[in-house]
Amino acid sequence: MNSSKYIILGGGMVAGYAAKELVKQGLGPGELTIISADDALPYERPPLSKGFLAGKDKEADILINAQEWYAQQKIGINLKTLVQDVDLKKRSLRTSSGESFGFENLLIATGARARKLDSPGNDLHNVFYLRSLDDSRNIRDNAASARRAAVIGGGFIGMEVASVLAQKDIETTLIVREDRVWSRVFTPTMSKFFEQYYASRGVRILKEETVVRLEGKERVNAVALSSGTQVTCDMVIAGVGAAPVTEIFANTGLEIENGIVVNEYLETNQPGVFAAGDVASYYDKIFNKRRRVEHWDNAVSQGQHWASVVRGDRQAFVHVPYFFSDIFDLSYELWGDLQGATETVVRGDANSPSFSVWWLNGDQLIAAFVMNRPDEERQLAPEWIKSKRHLSRESLADQNRPLSEVK
Ligand SMILES: Cc1cc2nc3c(=O)[nH]c(=O)nc-3n(C[C@H](O)[C@H](O)[C@H](O)COP(=O)(O)OP(=O)(O)OC[C@H]3O[C@@H](n4cnc5c(N)ncnc54)[C@H](O)[C@@H]3O)c2cc1C
């Protein structure tokens, strides 16, 4: 059996950043092993629906650490290696090829997987989901000869993919179940802005539609919708959510509820076993609630935090949830938690690509969206959310008052 002090199970974003941080903190040779079902070294996932999908980034551009770095640091990295059995009492993992790995400390970083459509025809060729580098490469290769694409799902993955395909001059239809895009996160004002922006760039958005069937013999050639509309297409990309990868931990004694349950130190209920990133349901000390975050910054920060905790700095993970997205020529950021908001305030002009939205619970700031606004707005948003700042609605809504002067 191979044994190491630390094992990271899952070679995604958490693994890349956790390894980097461990090295910074003095990792010894041979102390870390990463085991990954993926066939690529840990990479940044956001470019898969942006620059990499568009053909601007190459594979080497999106690696978190250069290929040679792992050997230089004497980190064992096992790609294309699927862990099938986990025995936390014996402190060992077994792979599908029967190999065993022992550990003192385990970081579970198995991430999430894309949810699949359950409509008839979902096994046709040219129906894609987007999670891995391979998925992105396949979509990109097929998009090269596509004339029409149907993108299913009005969340951030659907919106980003639709924006990349439209910029490749592919006739793109975005199919949304709800009555507006990303209704789970966006206010009606924000959805309206983005819908108009997409329409002005040639994306057709069909709302309040569910997929009844995917049509075609071998390859998909149309999506049949609940209203009776048929969307003709050469390819379908579905961005209909993700689910945490937890099934191999079912009989291990770990508490699992919407992910692997960890406390504010990212510790599970089993000694020396941690979880981080998309798979971890952690205790958020700012909002006093349990949450699981499927975003880049959470994976980076929790990976780094785990490294500090296991190197002896046992501090709570206290972090404002954060998300960013790039679509067409726009970039935006969002901090905080919208739940419990009693009102929102817009600064700037929500009919233009330069505005921010501020969510208040009573007079406490709980979340903010910022796009093309003065730098102080993106600097103060996370600070004020973390410090539970109280603000007057009128003062915040005063367009002539810089944010730093809002009381
Ligand atoms: C297309 C796309 C675009 C995104 N864009 C943004 C964005 O713009 N902004 C943003 O904030 N966030 C974005 N995200 C989210 C962000 O990338 C994720 O939150 C992040 O990748 C989570 O990191 P992770 O390490 O937890 O999981 P992952 O990066 O998914 O890594 C999980 C790893 O575990 C491995 N694994 C799973 N099970 C096993 C097993 N049994 N044995 C061995 N290995 C296993 C997998 O192969 C994989 O390597 C995007 C995600 C995707 C998919």
Side-chain angles (χ1 to χ4, degrees), residues 45-50 53-54 111-124 126-132 135-136 138-140 142-143 146 148-168 170-188 190-195 197-199 201-215 220 222-227 229-244 278 292-296 323-328 330 332 334 338:
R45 252 166 241 275
L48 304 184
S49 50
K50 307 178 187 66
L53 187 61
R113 65 167 65 87
R115 286 188 200 279
K116 301 284 156 72
L117 294 168
D118 55 7
S119 350
N122 60 0
D123 51 352
L124 288 168
N126 276 21
V127 176
F128 300 98
Y129 302 90
L130 178 49
R131 183 78 203 176
S132 67
D135 297 335
S136 182
N138 278 338
I139 297 171
R140 196 176 71 185
N142 279 276
R148 284 182 284 242
V151 180
I152 301 169
F156 80 90
I157 298 270
M159 290 184 72
E160 289 183 357
V161 169
S163 116
V164 171
L165 297 181
Q167 291 176 87
K168 290 178 187 276
I170 296 171
E171 205 180 296
T172 303
T173 304
L174 182 62
I175 299 161
V176 180
R177 194 175 48 187
E178 296 76 20
D179 60 353
R180 56 191 180 83
V181 293
W182 216 9
S183 57
R184 197 168 57 80
V185 173
F186 290 169
T187 63
M190 293 162 71
S191 295
K192 184 166 160 239
F193 166 80
F194 284 107
E195 286 170 17
Y197 205 79
Y198 273 62
R201 275 153 180 78
V203 176
R204 177 167 69 139
I205 301 184
L206 301 178
K207 297 182 274 187
E208 294 184 89
E209 289 281 17
T210 50
V211 175
V212 174
R213 218 172 26 259
L214 302 177
E215 312 270 16
V220 69
V223 182
L225 299 176
S226 44
S227 65
T229 304
Q230 290 260 18
V231 178
T232 312
C233 58
D234 311 310
M235 63 192 300
V236 165
I237 303 96
V240 290
D278 283 13
R292 193 174 62 76
V293 178
E294 291 176 0
H295 292 316
W296 174 86
F323 166 72
F324 72 92
S325 180
D326 304 328
I327 35 124
F328 293 104
L330 300 178
Y332 66 79
L334 205 155
L338 322 176

Would you say the side chain of [Y] lies within less than 4.5 Å of the side chain of [X], judging by non-hydrogen atoms?
X	Y	value
M235	I139	yes
L225	V211	yes
D135	L48	no

Could you state the interatomic distance from [atom1] ([X]) to [atom2] ([Y]), rounded to the nearest 0.5 Å?
X	Y	atom1	atom2	value
C233	I152	SG	CD1	8.0 Å
S132	N138	OG	CG	8.0 Å
R140	F128	CZ	CZ	12.5 Å
Y332	F193	OH	CZ	11.0 Å
I175	R204	CD1	CZ	8.0 Å

Taking the side chain from [X] and the backbone from [Y], do they hold a donor-acceptor pair closer than 3.5 Å?
X	Y	result
S163	I327	no
E195	R180	no
S191	V181	yes
S119	L117	no
R292	D278	yes
Y198	M159	yes
R45	R131	yes
D234	R148	yes
S226	T210	yes

What heavy-atom pair brings [X] and [Y] nearest, and what distance separates the two atoms?
X	Y	answer
L214	N122	CD1-CA, 3.7 Å
V231	A150	CG1-CB, 4.1 Å
A222	Q230	CB-OE1, 3.6 Å
E160	S325	OE2-OG, 2.5 Å
I170	A143	CD1-O, 3.5 Å
L130	S49	CD2-CB, 3.7 Å

F194 vs F186 aromatic rings, parallel, tilted or perpendicular, using cut-offs 30° and 60°?
parallel
Which of parallel (below 30°), tilted (30 to 60°) and perpendicular (above 60°) describes F323 and W182?
perpendicular
Under 6.0 Å from the NZ atom of K168, do we count more than 12 heavy atoms belonging to anything else shown?
yes
Taking side chain to side chain donor-acceptor pair (under 3.5 Å) as the definition, give me every residue that meets it alongside [X], ordered by chain and number, with sequence neighbours left out.
X	answer
T229	S227
N126	none
N142	none

Pairing donors with acceptors under 3.5 angstrom, does anything connect the side chains of E178 and S183?
no
